Peer 1: 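Submitted below is the structure of interest, expressed as structure tokens.
All chains are named by letter (A, B, ...) in the order of the sequence lines, taking the proteins before the strands, and each is independently numbered beginning at 1. All values reported here derive from a predicted model rather than from experimental measurement.
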Amino acid sequence: MEIKIPTPRDFSFERTAFSHGWTSLLPFEVDPRASTITRVLDIGTGPPVTVAITGTKRAVSVRVPRRVGVRAVRSVERDVRHMLRLDDDLTAFYGAMKSDPDFAWIPRSGAGRLVRSPTVFEDLVKSICTTNCTWALTKVMVSGLVNNLGREAADGRRGFPTPEAMAAMPDSFYRDEVRAGYRSPYLKELAERVATGELDVEGWLTSELPTPELKREMKRVKGVGDYAAENLLKLVGRYDVLALDSWVRATFARTRNNGRAAADDKIARYYSRFDSWRGLALWCDMTKDWLDEK
DNA sequence: GCGTCCAGGTCTACC
DNA sequence: GGTAGACCTGGACGC
């Protein structure tokens with residue numbers, strides 16, 4: 001069956017699908033030639049389903065391999081809207097970008113919707129898996145979690161594991177199977193805190209805390225430092241942080257500083273004119289050429 | 001083949 | 001509040 005979801009007028013499926021590396025981490029799969037995102041989604045009771053998502057400027061189409069009930073349809077719709085950020089209002093952001101010649105391409109191309117996972121928990125686990133390692137190792141760790149602990153869909157693909165499934169595994173699983181190394185106890189502890197209800201990470205989506213306070217709360221999770229917290233802040237819709245990592249620093253040096261390394265202060269000054277949108281402006285600026293490369 | 005470096009950083013101890 | 005050193009892993013690189 002097929003579910004059609006209307007999109008905002010300024011929406012670009014490609015710019016969203018390739019907005020950052022998340023869609024190359026399981027249980028996302030992306031086919032750049034067909035412009036399709038494949039993803040295993042939980043639909044409550046029963047096994048999860050593998051959906052294929054394609055899109056135009058006007059609508060997103062979600063192919064579900066079997067007929068499912070109304071509640072499951074609502075669940076899929078909610079997840080797709082959330083992942084592709086179809087409910088985000090970027091009018092103010094685009095207004096700020098339009099007046100700057102170097103950034104005016106952003107509203108024209110429909111960039112600015114950073115794809116995210118259906119849950120904050122998944123984004124948080126993945127953020128921890130990006131720290132202090134190559135992207136290749138991040139993929140190894142995330143694949144280890146999904147392939148070992150994810151619930152299986154009818155086509156054999158697996159979803160992202162629940163906090164409960166992760167909490168039930170010993171440290172040795174994270175070291176030996178996931179290859180998470182020193183991050184192993186961090187992942188287990190996080191899963192336990194979420195599974196027991198001690199930590200409500202989904203609440204960060206609607207938190208009314210000022211960004212610095214929410215960041216402090218995020219950093220109370222072991223393994224989450226400045227970079228991981230700021231990356232997660234962007235994923236929950238806070239763009240007044242930069243999330244500087246070695247890749248961003250290197251890309252800024254190449255594209256904005258004549259190939260020379262720039263101090264973090266200089267990078268911050270460069271985007272400070274965009275105020276509460278500076279983090280999103282930075283990310284779009286750094287990934288401007290991605291769609292051509294894909 | 002082997003050693004070193006470092007990558008989409010963070011934690012802890014110490015000052 | 002700031003900083004040095006340790007930390008898993010695995011690919012790239014020089015020798």
Peer 1: Please measure how far the C1' atom in dG8(B) lies from the corresponding atom in dA4(C), and state the result in whole Å.
Peer 2: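 Their C1' atoms lie roughly 23 Å apart.
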
Peer 1: Provide, to the nearest angstrom, the distance between the CD atom belonging to E177(A) and the C1' atom belonging to dT9(C).
Peer 2: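 Interatomic distance, CD of E177(A) to C1' of dT9(C): 15 Å.
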
Peer 1: Mind calculating the distance between NZ (K234(A)) and P (dG8(B)) to the nearest angstrom?
Peer 2: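 Atom NZ in K234(A) sits about 16 Å away from atom P in dG8(B).
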
Peer 1: If the C1' atom of dC8(C) is compared with that of dA7(B), how far apart are they to the nearest Å?
Peer 2: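 Those two atoms are separated by 12 Å.
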
Peer 1: Calculate the interatomic distance between K219(A) atom NZ and dT12(B) atom C1'; express it in whole Å.
Peer 2: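 The distance from NZ of K219(A) to C1' of dT12(B) comes to 14 Å, rounded to the nearest Å.
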
Peer 1: Check step by step if side chain to side chain contact (heavy atoms under 4.5 Å, CB included) holds for R63(A) and I3(A).
Peer 2: CA-CA 6 Å; R63(A) 268 204 324 280; I3(A) 304 170; over 6 Å; no

Peer 1: Do the non-hydrogen side-chain atoms of V73(A) and M1(A) ever get within less than 4.5 Å of each other?
Peer 2: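 The answer is yes, as the side chains (C-beta and beyond) meet within the 4.5 Å cut-off.
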
Peer 1: Heavy atoms only, 4.0 Å cut-off, all strands: where does T131(A) land among base, sugar-phosphate and nothing?
Peer 2: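 Sugar-phosphate contact only.
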
Peer 1: On the 0 to 90° scale, with breaks at 30° and 60°, tag the F274(A)-Y271(A) ring pair as parallel, tilted or perpendicular.
Peer 2: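 If you compare the ring of F274(A) with that of Y271(A), the planes turn out tilted.
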
Peer 1: Out of D123(A), T211(A), T206(A), L205(A), which residue meets the side chain to side chain contact (heavy atoms under 4.5 Å, CB included) rule with V236(A)?
Peer 2: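 Going through D123(A), T211(A), T206(A), L205(A) one by one, the side chain to side chain contact (heavy atoms under 4.5 Å, CB included) with V236(A) is satisfied by L205(A) alone.
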
Peer 1: I want to confirm an ordering. Mapping A136(A) and A180(A) to their closest nucleotides on DNA chain C, which one lands closer to the 5' end?
Peer 2: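 Residue closer to the 5' terminus by nearest nucleotide: A180(A).
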
Peer 1: Are any of the side-chain nitrogens in D10(A) or R113(A) under 4.0 Å away from the carboxylate oxygens of its partner?
Peer 2: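 Looking at R113(A) together with D10(A), the answer is yes, because their closest N to O distance falls below 4.0 Å.
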
Peer 1: In whole Å, what is the span from the CZ atom of R254(A) to the P atom of dG8(B)?
Peer 2: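 So the CZ-P distance, R254(A) to dG8(B), works out to 13 Å.
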
Peer 1: Looking at S246(A), does any N or O in its side chain come under 4.0 Å of the phosphate oxygens OP1/OP2 on dG9(B)?
Peer 2: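 S246(A) to dG9(B) OP1/OP2: side-chain N or O found under 4.0 Å.
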
Peer 1: Would you mind telling me which of dG8(B), dA7(B), dC11(B) lies closest to the side-chain atoms of D245(A)?
Peer 2: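 The listed nucleotide nearest to D245(A)'s side chain is dG8(B).
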
Peer 1: How many whole angstroms separate atom CG of L190(A) from atom P of dT10(B)?
Peer 2: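 It works out to 14 Å between those atoms.
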
Peer 1: Run through R238(A), K219(A), K215(A) and flag the one making a side-chain hydrogen bond (donor to acceptor under 3.5 Å, both in side chains) with E230(A).
Peer 2: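 Among R238(A), K219(A), K215(A), the one meeting side-chain hydrogen bond (donor to acceptor under 3.5 Å, both in side chains) with E230(A) is K215(A).
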
Peer 1: Return the residues of residues 220-233 of chain A meeting this criterion: a heavy atom under 4.0 Å from some atom of DNA chain B. Order them by number, or give none.
Peer 2: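 Under 4.0 Å from DNA chain B: V221(A), K222(A), G223(A), V224(A), G225(A), D226(A), Y227(A), A228(A).
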
Peer 1: Can you tell me the pairing partner of dG8(B) across any strand shown, Watson-Crick or G-U wobble, with both distances under 3.5 angstrom?
Peer 2: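 With both distances under 3.5 Å required, dG8(B) matches none.
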
Peer 1: Could you measure between the two P atoms, the one in dC6(B) and the one in dA6(C), and give it in whole Å?
Peer 2: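 The same atom, P, in both gives a distance of 16 Å.
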
Peer 1: Grab the CG-C1' distance between N132(A) and dG10(C) for me, whole Å please.
Peer 2: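 In whole Å, dG10(C) C1' lies 12 Å from N132(A) CG.
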
Peer 1: Of the candidate nucleotides dA7(B), dC8(C), dC11(B), which contains the atom at the shortest distance from the side chain of R183(A)?
Peer 2: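 Selected nucleotide: dC8(C).
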
Peer 1: With side chains defined as the heavy atoms from C-beta onward, is the minimum distance between D285(A) and Y270(A) less than 4.5 Å?
Peer 2: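 Touching, per the 4.5 Å side-chain cut-off.
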
Peer 1: Nearest whole Å is fine: how far is dT9(C) P from I128(A) CD1?
Peer 2: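 To the nearest whole Å, that distance equals 17 Å.
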
Peer 1: Between dG10(C) and R179(A), is there an OP1 or OP2 to side-chain N/O distance shorter than 4.0 Å?
Peer 2: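 So the side chain of R179(A) is within the cut-off, an N or O lying under 4.0 Å from OP1 or OP2 of dG10(C).
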
Peer 1: Could you tell me whether E122(A) and R39(A) have a side-chain N and a carboxylate O separated by less than 4.0 Å?
Peer 2: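 Between R39(A) and E122(A) there is a salt bridge, with a charged N closer than 4.0 Å to a carboxylate O.
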
Peer 1: If I take atom CG in residue L137(A) and atom P in nucleotide dG9(B), what distance separates them, rounded to the nearest angstrom?
Peer 2: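 Going from CG in L137(A) over to P in dG9(B) covers 12 Å.
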
